Amino acid sequence: MQPCKSLTGVTHETFWNDIVPANEPVVLRGLCGDWPSVTAGGRSDQAMVDYMRHFDRGAAVEYLSAAPDVKGEFFYGDSLRTRNFRKGQASLAEVLNRLLAETQAPPPALYIQSTPVDAILPGFPEQNLNPLLPALTRPRIWIGNAVRVQTHYDLSDNIAVVVAGKRRFTLLPPDQLPNLYIGPFEQTLAGSPVSLADIERPDFQRFPKLRDALAAGYIAELEPGDAIYIPYGWWHHVRSLSTLNVLVNYWWNEAPSHLQAPYGALLHAMLLVRDMPVRQREVWKTMFNHFVFCENGDPGAHIGLNDQGVMAKLTPAQHSRALEQLVLGLERQRRGH
């Protein structure tokens, strides 16, 4: 894999005018190097924990834990219906104390993932501001020891900031989906489907197309204060490399809120189109390419705007009414079966 593009001194203008439109991941070196939290983490693990305790108001957190022999690699268990980790709930202080106390090698894996910072560390965001994003884009925090997040994607743009510890990111373009051997939609590890292939120890006999995915990939290692921009839909695998690792990330989606849940359309098409006879499915492939992906231009350009119906770009209110009609149609279809 090739190294991910890396830039220093990225300004707000450069980020929004050049980096985001390019739609490729970029390491933003030293973007948040002046954060008080990064300074604390640079002193010691204990100093990092003490800094977080300053904001802690006793809120409970959900965490993942796994036995030492898992080596922090949270994944499926003996089958796709089991897991090699457990979920628990405790106060933030309890989890932080356990992270500091675990000294065996390898330790039991502990991980707080994707928790809204405002909920457990109120005031932290105001002392540690992301210079590229508006204040309304609220951060989430990830705290743990040396753990791995399996290859997955997010339906949002993302800036992830390494606060303490080091992290290795492996990034793969969305078009590598066919080469990543995705697990079931119904049995995910944390929401998004994940790759079943281990990109750190690739088994090319079992997953031969993975070789092509890795050839298209990028790799980046981040130090405290560094950040990385991950565009919408890019696959990423994350390995935490230190005894205590803290990351803050920011998700946002530029699409209007009524256009941010396309999974239903994908599932509906899988249920109703995928298993059709091939010659029928080809007809619907043409339909989708024309009406959904607009490969031939505006499909309603030859019709007056007031008569285009769903071929037009709908307002949120029109979208809501059309969705209601779709739901009614699906219910009639369900009753018919």
Side-chain angles (χ1 to χ4, degrees), residues 12-26 130 132-140 152-159 171-178 182 185 188 191-193 229-236 249-276 279-334 336:
H12 184 276
E13 290 73 24
T14 299
F15 180 72
W16 289 103
N17 295 338
D18 300 329
I19 293 176
V20 172
N23 200 41
E24 291 197 347
V26 176
N130 188 319
L132 303 180
L133 298 174
L136 289 176
T137 306
R138 305 308 291 172
R140 291 174 174 264
H152 69 288
Y153 64 91
D154 299 309
L155 295 180
S156 300
D157 286 272
N158 185 9
I159 291 179
L171 305 118
L172 304 155
D175 64 8
Q176 291 307 306
L177 168 66
I182 305 309
F185 283 72
T188 67
S192 297
Y229 167 62
I230 304 174
Y232 179 104
W234 273 69
W235 295 87
H236 49 288
N249 89 294
Y250 303 79
W251 281 315
W252 73 96
N253 191 323
E254 65 187 22
S257 59
H258 65 285
L259 299 179
Q260 293 185 14
Y263 264 127
L266 176 62
L267 178 60
H268 195 201
M270 291 170 72
L271 292 174
L272 297 184
V273 178
R274 183 193 58 201
D275 298 329
M276 282 180 165
R279 64 188 184 89
Q280 294 182 15
R281 194 171 66 237
E282 285 298 313
V283 171
W284 284 99
K285 182 178 180 180
T286 300
M287 292 272 201
F288 273 75
N289 288 339
H290 183 71
F291 290 110
V292 178
F293 299 107
C294 302
E295 288 188 353
N296 307 302
D298 180 359
H302 59 290
I303 303 174
L305 184 61
N306 292 335
D307 297 317
Q308 286 182 4
V310 295
M311 280 193 274
K313 289 186 177 180
L314 304 182
T315 66
Q318 291 170 328
H319 184 275
S320 179
R321 288 195 295 271
L323 194 59
E324 288 175 3
Q325 293 302 310
L326 175 62
V327 170
L328 290 173
L330 289 174
E331 179 59 25
R332 286 194 295 270
Q333 184 180 46
R334 186 188 67 82

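Treat the numbers as computed from the prediction; the structure is a model and nothing was measured.
Panel note: side chain D307, backbone I303; no donor-acceptor pair is recorded below 3.5 Å. Checking side-chain atoms of R140 against main-chain N and O of N249 turns up no donor-acceptor pair under 3.5 Å. Looking at S192, its side chain does come within 3.5 Å of a backbone N or O of Y153 through a donor-acceptor pair. Looking at W16, its side chain does come within 3.5 Å of a backbone N or O of L132 through a donor-acceptor pair. For R138 (side chain) and A135 (main-chain N/O), a donor-acceptor pair under 3.5 Å exists by modelled atom type.
Listed by first and then second residue, the side-chain hydrogen bond (donor to acceptor under 3.5 Å, both in side chains) pairs that reach into residues 311-328 are T315-Q318, sequence neighbours excluded.
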Can you give each donor-acceptor pair under 3.5 Å made by side-chain atoms of residues 288-296, sequence neighbours left out, with the distance rounded to 0.1 Å?
residue, atom, partner, partner atom, Å
N289, ND2, K285, O, 3.3
H290, ND1, N296, ND2, 3.0

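With contacts defined as side-chain heavy-atom distances shorter than 4.5 Å, the pair L177/I182 qualifies. At a threshold of 4.5 Å between non-hydrogen side-chain atoms, the residues D157 and Y229 count as touching.
Y263 and F185 have perpendicular rings, their planes meeting at more than 60° on a 0 to 90° scale where under 30° would count as parallel.
Taking each heavy atom of P299 and M311 in turn, the nearest pair found is O-SD, 3.6 Å. Of all non-hydrogen atoms in P25 and L171, the two that sit nearest each other are CB-CD2, 3.9 Å. Pairing each heavy atom of R281 with each of R274, the nearest pair is NH1-O, 3.1 Å. Of all non-hydrogen atoms in F15 and I159, the two that sit nearest each other are CZ-CD1, 3.6 Å. Nearest approach of L305 to A312, heavy atoms of both residues: CD1-CB, 4.4 Å.
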When you look at L133 and W252, which way does the side chain to side chain contact (heavy atoms under 4.5 Å, CB included) test go after all the steps?
CA-CA 9 Å; L133 298 174; W252 73 96; 3.9 Å; yes
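Atom NE2 of H152 sits about 14.5 Å away from atom CH2 of W234, to the nearest 0.5 Å.
Side-chain N/O atoms of H236 and D154 include a donor and acceptor closer than 3.5 Å.
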